[in-house]
Each structure stands twice: as C-alpha cells, then as structure tokens.
Amino acid sequence: MSTLLGGTTGPDLELLRAVNGLADSAPSWVDGTVAWFGEYGLLLGLALIGVVAWLQARRRPDAPVAIAGLLWAPLAVALCELANLPISALVNRPRPFVDHPDLDVLVAGKEGTLSFVSDHSAMSMGLAIALYLVNRRLGLVAAGLALLQGFARLYVGVHYPTDVLGGYALAAAVVLLLAPLAMAVLVPLCHALARTALRPLLVAPQPRRRSRRHAERDLAA
C-alpha cells in the first residue's frame with residue numbers, strides 16, 4: 001500500500017515500540033485503564049473542563065465575548081475532523097499494526113481505518129488551544145490532557161508518533177488561523193443572544209443588591 005509518509009521505520013517506529021512495549025509488562029488492569037482513557041476518558045475530561053470554563057466565563061465582565069470563544073472550541077474540533085478526511089485519504093497511511101503485527105493492540109475495531117492524522121489527538125489539542133484562548137489556566141490543564149491523549153494512542157498501538165504530532169499541528173492550524181474569522185461571527189451572535197431569553201446561558205445572573213434603606217433597617221433591628 002502506497003503512502004506519502006513512506007516506510008514506517010526509523011525513529012517513528014522505535015518510539016512507538018518503546019511506548020507500546022510498556023503494555024507488555026504492565027498489569028492487565030493498567031492496559032484496560034489506559035485503553036479506556038485513551039478512547040473515551042480523556043475526551044470526557046476535556047468536556048468537563050469545558051463546562052467549568054463555561055461556568056467561569058458567564059461571570060466575567062466580557063461574558064458574551066468569553067462564551068463566543070468557548071463556542072469556537074467545538075466548532076474548531078468539527079472543522080479539524082472535516083479537514084482530516086481529505087488529509088487522511090491523501091496520505092493513505094495504514095495503522096501501525098498492519099505493517100507491524102507484533103505490536104500489542106489494546107483497542108479493537110481499528111482494522112481498515114487509516115492512521116494519519118490521529119483524530120483523538122486533533123480533537124483533544126483543538127479543545128485545549130481554544131480553551132487556552134479564553135482561560136489560560138484551564139487551557140494549560142486541557143493541554144496536559146491532550147498530551148496524555150497522544151501518549152495513550154501510542155500505548156494502545158493504534159498510531160505512530162507522527163500521527164499524533166500531525167493531529168496536534170492540524171488542530172493548532174485550524175484553531176489559530178480561523179479564530180479571527182470565527183470570533184467576528186460568534187461575538188456579535190453572543191451579544192445578540194444575551195438580549196434574549198437565552199441570556200442566563202451566556203451571562204450569570206447578578207446577585208440583587210439590598211437597598212440602603214433596607215440595610216439601615218436591618219442595622220436598627
């Protein structure tokens with residue numbers, strides 16, 4: 001099978017073997033845990049971070065702008081997935097275990113699918129970068145999960161390191177290059193939605209301040 005990436009040997013394969021080889025000596029429960037987190041858990045963790053970011057963004061003075069930035073995160077991930085369709089078909093790289101059946105594959109159902117770029121890596125890093133543009137602290141936490149996501153894809157034997165790096169690069173390009181255009185559309189949209197019945201989703205209700213008369217009455221009592 002022809003591939004634009006050429007032979008799957010050298011440092012790319014060596015690093016994959018080194019990480020995937022950890023599964024040989026690890027207990028089965030460790031392998032199962034890494035496989036689950038690599039497939040679902042880390043993405044769920046990133047979604048939870050997104051919910052926390054949303055709760056915090058609603059309390060910011062620039063809440064509609066912050067919410068617009070958070071809306072860009074899932075939209076950017078969707079665009080990453082769309083962009084990966086022609087890239088994956090063009091590169092046409094088989095999964096590592098096709099050419100190297102000695103690898104320890106911990107995730108089933110990947111037969112017949114292509115390896116470059118890693119969807120999981122692109123999704124996780126896309127969310128992390130988009131979150132960082134809105135909330136640096138949560139964005140850094142999300143970036144840590146994205147790095148763990150890449151490691152997990154090597155551990156379970158379904159991607160080469162360059163597949164993971166390609167996913168990271170694709171995510172960075174889509175999120176950063178298209179962010180100005182996306183925000184030009186999303187910011188006015190969020191400002192408009194903040195004037196509708198959907199306002200509580202964008203701006204946290206402000207606590208009602210007690211009047212000075214009520215405060216003096218409470219003190220007198």
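Side-chain atoms are counted along with the backbone in the values below, which use heavy atoms only and exclude waters and symmetry mates.
No donor-acceptor distance shorter than 3.5 angstrom exists from the side chain of Arg153 to the backbone of Val158, with no hydrogens or angles considered. In this structure, Asp99 contributes its side chain and Pro94 its backbone to no donor-acceptor pair below 3.5 Å.
Counting heavy atoms from C-beta outward, Arg93 and Thr162 have side chains that approach closer than 4.5 Å. Two residues are said to be in side-chain contact when any heavy atoms from C-beta on lie closer than 4.5 Å; Leu79 and Trp72 meet this criterion. Inter-residue side-chain proximity for Asp31 and Tyr155 is flagged as met; some heavy-atom pair is nearer than 4.5 Å. With contacts defined as side-chain heavy-atom distances shorter than 4.5 Å, the pair Leu43/Gln149 qualifies. A 4.5 Å side-chain heavy-atom check between Leu70 and Leu131 finds at least one atom pair inside the cut-off.
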Can you give each donor-acceptor pair under 3.5 Å made by side-chain atoms of residues 107-122, sequence neighbours left out, with the distance rounded to 0.1 Å?
residue, atom, partner, partner atom, Å
Lys110, NZ, Glu39, OE2, 3.3
Glu111, OE1, Gly109, N, 3.4
Thr113, OG1, Arg95, NE, 2.9
Thr113, OG1, Arg95, NH2, 3.2
Thr113, OG1, Lys110, O, 2.5
Ser115, OG, His159, ND1, 3.4
Ser115, OG, Asp163, OD2, 2.3
Ser118, OG, Ser121, N, 3.2
Ser118, OG, Ser121, OG, 2.9
Asp119, OD1, Asn84, ND2, 2.5
His120, NE2, Glu39, O, 3.1

Would you give me the side-chain donor-acceptor pairs under 3.5 Å for residues 134-148, sequence neighbours excluded?
residue, atom, partner, partner atom, Å
Asn135, OD1, Arg137, N, 3.3
Asn135, OD1, Leu138, N, 3.1
Asn135, ND2, Gln56, OE1, 2.8

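In the hydrophobic clustering, where aliphatic and aromatic side chains (Ile, Leu, Val, Met, Phe, Trp, Tyr) are joined below 4.5 Å either directly or transitively, Val65 groups with Met183, Val187.
Residue pairs satisfying the salt bridge (charged side-chain N to carboxylate O under 4.0 Å, His left out) criterion with at least one member in residues 167-177, sequence neighbours excluded, are absent. Listed by first and then second residue, the salt bridge (charged side-chain N to carboxylate O under 4.0 Å, His left out) pairs that reach into residues 190-202 come to none, sequence neighbours excluded. Sorted by first and then second residue, the salt bridge (charged side-chain N to carboxylate O under 4.0 Å, His left out) pairs involving residues 56-78 (not counting sequence neighbours) are Arg60-Asp62.
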